[in-house]
J.: 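Below are the structure tokens for one structure; questions will follow.
What you see is a predicted model; the values in this text were computed from it and never measured. In each ligand, atom 1 is the first atom listed, and ligand 1 is the first ligand listed.
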Amino acid sequence: MSVTASAPGKVILFGEHAVVYGEPAIAGAIDKRIYVTVEARQDDKVEVLSGAELNDGYPYVLKACERVFAYLGRSSGLTIRIRSEFPPASGLGSSAAVTVATIAAVSELLEGSIPKKEIADLAHKVEQDVQGAASITDTAVSAYGGILYVKPDLGVVEPLPNKNIQLVVGYTGKPGSTTEIVRTVKTLRNQHPEVVDNIIHCIGRITMLAKENLGNDLGGLMDLNNGLLEALGVGTFELSALIYGARASGAKGAKITGAGGGGCMIAYAPGREDAVSKVVEKGGCLAMLVNLGAEGVRIE
Ligand code: MEV
């Protein structure tokens, strides 16, 4: 018998990095998913089969199995197959999505479904196991779906109204390591605590403003947030080229999304999505049109 579960990727609209230091973030599930199929086997091995491009997900998948086995108090040999609709290590939450989908599929196979809250909690622990540090943002969005306001200091998320936001995602083609980039920001903060803490706090204020008025001056607030992410040193030449290209093509706002250091930018460009996608592709990068507010983890 086999079970397939899927979980969505995410974009962070506001608050990445600052959320690691207790400030809020707003993130939305996107209509691009990762599918994980698990099948019991006779021996006690856990074998992961996927395209070479998804190799980065292996540690997450293996840790997710360990966490589910410990949670349920039972284990099994497994063959696991992974298929993804979006690139890994691109800032779109592939690690969280593969973790969440694996937890859902393995627990369904062994015992029957477990609540989304348990899936989100276990997945967050897996990200911490693998990365050393991670906020609850990516795993919560992948588990619950929708658009979430994340309050890391309280460890809770609040669903926000779905305003049918459509974004153009531009992928630089250069993967970024969340672990490394989070560490870079930490080093900068240790060097200049007063300045960096103010930047982080300021990002938090932008996120709070955006929450009050999601949809009103979304673009302007995205641009402000991007300036502060640049100040934290997570921008790259390629990301800036896409961001400035998107703005010049009529986007109301554009910013890095996720950890940065490569990966993706998002552009809010109502009515100008085609023009922005074209400029992204002209730069040799991948453009994806995504809708925010997709369904969270589910058994297929
Ligand atoms: C990564 O998608 C977002 C970061 O804020 C890290 C985290 O929240 O764990 C950079």
J.: Is it the case that atom NZ in Lys186 sees more than 12 heavy atoms from other parts of the structure closer than 6.0 Å?
T.: no
J.: For Glu230 and Ser240, does a side-chain donor sit closer than 3.5 Å to a side-chain acceptor?
T.: yes
J.: Which residues pass the salt bridge (charged side-chain N to carboxylate O under 4.0 Å, His left out) test with Glu273, sequence neighbours left out?
T.: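 Here no residue qualifies.
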J.: Taking everything shown except Lys252 itself, do over 12 heavy atoms lie less than 6.0 Å from its NZ?
T.: no
J.: Should the heavy atoms of other residues, nucleotides or ligands under 6.0 Å from CZ of Arg205 be counted, would the total exceed 12?
T.: no
J.: Please walk me through it: do Thr137 and Glu16 pass side-chain hydrogen bond (donor to acceptor under 3.5 Å, both in side chains)?
T.: CA-CA 9 Å; Thr137 313; Glu16 50 273 270; over 6 Å; no
J.: Go ahead and list the nitrogen or oxygen contacts between ligand 1 and the protein that come in under 3.5 Å, distances to 0.1 Å, or just say none.
T.:
| residue | atom | partner | partner atom | Å |
| --- | --- | --- | --- | --- |
| ligand 1 | 2 (O) | Lys10 | NZ | 3.1 |
| ligand 1 | 2 (O) | Asp138 | OD1 | 3.3 |
| ligand 1 | 2 (O) | Asp138 | OD2 | 2.9 |
| ligand 1 | 5 (O) | His17 | N | 2.9 |
| ligand 1 | 8 (O) | Ser135 | OG | 2.5 |
| ligand 1 | 9 (O) | Ser135 | N | 2.8 |
| ligand 1 | 9 (O) | Ser135 | OG | 3.4 |

